[in-house]
Each structure stands twice: as structure tokens, then as C-alpha cells.
Amino acid sequence: MSQLIQPRTLKGFRDYLPEAMMPRERLIETARRVYRSYGFAPIDTPTLEYLEILTGKGSDETDKQLYKFEDQGGRQVGMRFDLTVPLARFSAMHVPQLGTPFKRYHIATVWRGEAPQAGRYREFMQCDFDTIGTTSAVSDIETTLVIHDLLRAIGFSAFTIRINNRLLLTGMLEKLDLSDKSTLVLRALDKLGKIGPDKTIAEMTEVAGATETQAKEIVSLAHVSEQEGGDSEKVLSRVAPLVAGSEKGEAGVEKLRELVAAVSAAGVSNEFVQLDVAIARGLDYYTGVIYETFLNDLPGIGSVCSGGRYDNLAGLYTKQELPGVGASLGLDRLLAAMEELGLIEKVGTPADVFLPFFDKERLHDYLRIAAELRAAGLGVEFYPEPKKLDKQLKYADKRGFRFALIIGGNEFAEGKAQLKDLAQRESLELRLEEECAAIVMAVQERR
RNA sequence: GUGGCUGUAGCUCAGUUGGUUAGAGCGCCAGAUUGUGGUUCUGGAAGUCGGGGGUUCGAAUCCCCUCAGCCACCCCA
């Protein structure tokens, strides 16, 4: 008697059942389609990288969250924890041959050993797109448009792309003489929406080392967006005086104004785009526009698509300066949100048509009919056992099939077929000789 | 990594101050109905009470450890 091994998955790692995997694949296909429609090309990189590639930035958090080990050849290796660092390494190696601007998308799994929570896992998928090698405002604009198109294509009609520009924040910090504390101050600022002004000020003074006056000044600047309800023009006209005199701050205002106007001219309703001076993003490397995208019906889950512009992507790996801009769709977080919002249709089959194994003398006919339908572009599942029809239909129902194609002895004798619409509970009678075309048409017009 | 809450059948949960063979609904399987799925009726299978250790005559129940989930902190590349 051998002891059974308890089947289980690691903390933060999950199995995906068919009904979870199908919407997941659909989402990936949508992202792929939208990226490609702007000319972004697919790339992939290895799961494992030399540890020094991944730890180049050397922050403690990286170390804590990184999955790392020694391989069989004694090399120190790590699993990628995002797609940006691999892109940086990739760019240092290949962009000279590829030329710029280089537009790529990368849809792949990443790993972080952080504490899992709803919508946060240790293994999850990111769908990044970036434009490397240009500082053009056009790329900032296109990035915004891609985020918009992506969420629309997925089916959302209520979301907000929050936009800010690091130059604006940098200018403000310069004016307040806080440039040396920028990381901690911005990290505190980023929490404003979540913890409120008082705690934000407290963190800025206690953790980041700002004075109370400085902290209040920053928070009041950040508050502008909230007060103006995201009206871009009003926000900019309120903010401009606060950064006047700072070269970077003024440039930030100007860039935001240009971006908002262009995005609107490209046909994006301004209900989807909001200037928000409070978003900062913790990442040190952003230097220009920054994006966060929230679902209006579920803001608490956090940003589902974030990104921004950076001056020097691959500075750790090459002397060539590679500016760029891009964003990342958090696929698993988005799926968790859709699940919670009831937007995920539970279907257990990818096929269109269920073909019961009805008359066991007719196996060859069933196989031929299924083959013809597949050749015509339909997915067909043939039941493997000649069980009772009600069992087979029950199975089809449970799996979520839309159609059943019933052909038994009577149908064969009369040269007919019965196409049953399982959702509508109604049957269509078709002539067997021309079944293929008729079935395809009937299925397609009802799909 | 730190703290709080939770873990009983495939799912959602009940289980009295520790007391005998741990229950329900849904689902599943079979039959009523050997050619028609969401209803109904009948019958059936299914539980190491997350795992390990301890206290006790006796533990799903109390204690410790551990694993997992959720929440908060932390951080979100």
C-alpha cells in the first residue's frame, strides 16, 4: 500500500480549468489583435535570465520577490519578474540590428514571490507593448490610444485612463527643493487616493523627510484633479502656476496639454481620459508620461493597465541610449475583476456543435459528417460512446454547447438531420445531402 | 516578510458547554422513460473534518506547529 501524495498547488500558483482558460485565451487574442493593429510585433524571451541581468537595479524588493536558484551548471539564475527588464536586455542585444523605432509586444508569464491577494498571484501573465528608440510625442499618444482600444475591445465601456507626467512632478519637487527625496515623496504621493491627504502628509514628513509645508503643498497640487473632476483643461490651468519657473514642470504641463488634445482628436471620448496629478507610480525609471487605468465599477482592484515613458531603458546593459514608452495589461488582475463583475460567461467547450453518437452502426457516417463540418470551419465534438440520447444531451448542456446535431436511424433513413439549438430549445430539420452548408449557415447566423 | 480572519462531501454551508455510526441543499451516478437536455419522483456513491503533533476516558470542537485562501501592512517591475 503506497501512501498517496496530496495533490496541491503552491501558494499563489493556480490551475486553470477550461471555463477559466477560455476567457483567458480570448483576452490574449484580443490584446494581440489590438497591438498588431498598431504595428507592434511579437517577441519572446527566456523564462530564466542570468541573475545579474535581473538584479541589475539592485533594490531590496527585487531580491525579496525574485525566484532564484543555481542551475545544474552552477550558474546563478532567476525567473523573470516582469517583461521590462527582459526587454531592456533584449534591446541592448538586438535593437542595433532591428533599428528604431522598434515596436514590440510581449505576452508572457512572470513570477514574483509576493504575498498573494485577490487579483495578485505569484505566477501571472503580463501583456506588454512598448515603442523603443523614439522620444516622439506621437508614441505617447499612440500608447494612450492602444490602452483605450484594448479595453474597448475587451468589452469595457466604463474605465478611466489616468495620466500624469513625471516632468510635472519633478518640476514641482525642484521648486520645493525636494529633488533628493523624490522617490520616497512620490511613493507617498501615489497613495493619496487610497489613504487620504492626512496620512499622505504624515508619510511624507515622517518617512520621506519633507517638511509639513512642503508636504501640504504637494498634496494640494495633487488635489487639483479631484476638485476639477478630471477636466483636463481646468486641471492644467490650475497646475501651471504652481510649477511656473521650473523648466521641467512647464514642459510637463505642455506635454500633457498636447497629449490630451491629440488623443481627443484621434476620437477618444474624454470620459475615458483624466489628468491626475496624484498618480506617480513607484518606479524610478519613468521620466515622462505615466499611465494607470482603473475600472469605474471596480476601482479597488487597482490599475489594470499601467505604464509610462522612460529615457533610458537599457542603460545597465548598453551605452546606447534607448528612450521609449509603453504599458502593460495585467491580464490576471483584469480577469479577476471581470469575474467579480460577472462579465465572464461560463462555457465549458470551445466547439460549436455537439454530435451525439446515436446509432452505433453509423460510426463511419458520423466521422465523415464531423470531418466535413470541421473542414467548413465549425468546431465539432463527437461523443465517444453510444449512450442514451438523454445522457448525451445532458452532457452537451452541461458543457455549454449551443448546438446539437442529431442524426439517428430515422434521420439516416429519411435523409435528414436535426439541428437542435440547445439554448433556444428548438430544432431545425435539414436535408442530409446538403447538411454541411446548411448547418454551417444555420450555426453561423445564430452564433 | 508581519498581523487579523478562515479551512467540514465536487460546490455552498450546518454541527449545541469536547460525548456514540459527522448532516443538509445543490451537483454527481443509476432508474422511472432502450429517440431528445434546464422540471418531477425514487434509489445510490461520495468526507484522512486542510495536514502533523499534543491535552483528554473521549477532539470537527481545546492547545501548538504547518499548508492554503481572504483582508490589512509592505510593495506592485
Side-chain angles (χ1 to χ4, degrees), chain A residues 3-14 17 53-66 78-88 106 110-122 124 126 128 130 183-184 187-188 190-191 194-195 199 203 207 279-286 290 292 300-304 306-308 310 313 326-328 330 332-333 336 340 354 356-360 383 386-413 418-427:
Chain A
Q3 182 81 39
L4 288 178
I5 297 163
Q6 191 190 356
R8 53 184 187 153
T9 57
L10 286 165
K11 178 204 276 248
F13 289 73
R14 304 169 294 159
L17 273 55
I53 299 282
L54 299 176
T55 54
K57 295 209 311 140
S59 92
D60 292 348
E61 283 307 320
T62 306
D63 265 22
K64 268 201 284 187
Q65 298 192 353
L66 189 64
M79 293 165 81
R80 63 179 174 221
F81 53 85
D82 74 355
L83 300 179
T84 304
V85 170
L87 173 65
H106 192 179
V110 302
W111 296 267
R112 290 182 202 173
E114 65 178 347
Q117 264 167 53
R120 290 171 67 160
Y121 312 98
R122 289 186 164 181
F124 58 101
Q126 291 196 328
D128 278 33
D130 285 83
T183 301
L184 291 176
R187 191 175 287 166
D190 214 30
K191 295 178 191 166
K194 204 171 169 186
I195 64 179
K199 287 187 181 169
E203 182 167 333
V207 180
I279 70 163
R281 306 206 41 74
L283 311 180
D284 298 340
Y285 61 72
Y286 288 127
I290 43 189
E292 290 198 343
I301 198 147
S303 172
V304 294
S306 315
Y310 37 85
L313 174 69
S328 177
D332 292 276
R333 181 175 287 188
E340 192 168 336
F354 177 73
F357 191 175
F358 201 160
D359 183 341
K360 62 183 166 197
Y383 198 81
K387 275 200 193 172
K388 285 191 204 167
L389 188 57
D390 73 318
K391 299 294 177 224
Q392 297 193 47
L393 287 174
K394 213 167 178 179
Y395 166 85
D397 190 44
K398 185 187 169 191
R399 282 289 186 278
F401 278 97
R402 181 71 201 279
F403 300 96
L405 182 64
I406 300 179
I407 315 172
N410 299 346
E411 280 80 5
F412 279 119
Q418 193 189 136
L419 181 66
K420 190 162 179 143
D421 184 326
L422 293 169
Q424 303 295 321
R425 298 182 80 80
E426 60 187 21
S427 295

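Per chain, numbering begins at 1; letters A, B, ... match sequence-line order. Scope of the values below: all heavy atoms of this structure, side chains included, with no hydrogens, waters or symmetry mates.
- Listed nucleotides G37(B), A32(B), C73(B) differ in distance to Gln117(A); the shortest reach to its side chain belongs to C73(B).
- Atom-to-atom, CZ of Phe357(A) to C1' of U36(B) comes out at 17 Å; the value is rounded to the nearest Å.
- Residue contacts shown for Lys360(A) are absent, as no nucleic acid heavy atom lies under 4.0 Å away.
- Using N1 to N3 plus N6-O4 or O6-N4 for Watson-Crick, or N1-O2 and O6-N3 for G-U wobble, each under 3.5 Å, A72(B) pairs with U2(B).
- Distances shorter than 4.0 Å separate some side-chain N or O of Arg187(A) from OP1 or OP2 on C75(B).
- Nucleotide C62(B) has G54(B) as its partner under the Watson-Crick or G-U criteria, with both atom distances under 3.5 Å.
- Nucleic acid contact for Tyr395(A): none, since no nucleic acid atom lies under 4.0 Å from a heavy atom of the residue.
- Aromatic ring orientation, Tyr395(A) versus Phe401(A): tilted (interplanar angle from 30° to 60°).
- As judged by a 4.0 angstrom heavy-atom cut-off over every strand, Gly12(A) is placed among residues touching the sugar-phosphate backbone only.
- The base of C75(B) is paired with the side chain of Arg120(A) by a donor and an acceptor separated by under 3.5 Å.
- Pairing for C26(B) is with G10(B), a Watson-Crick or G-U wobble pair whose two hydrogen-bonding atom distances lie under 3.5 Å.
- Nucleotide G37(B) holds its C1' atom 7 Å from the NZ atom of Lys420(A), rounded to whole Å.
- Contact annotation: Lys388(A) side-chain N/O to G31(B) OP1/OP2 distance is under 4.0 Å.
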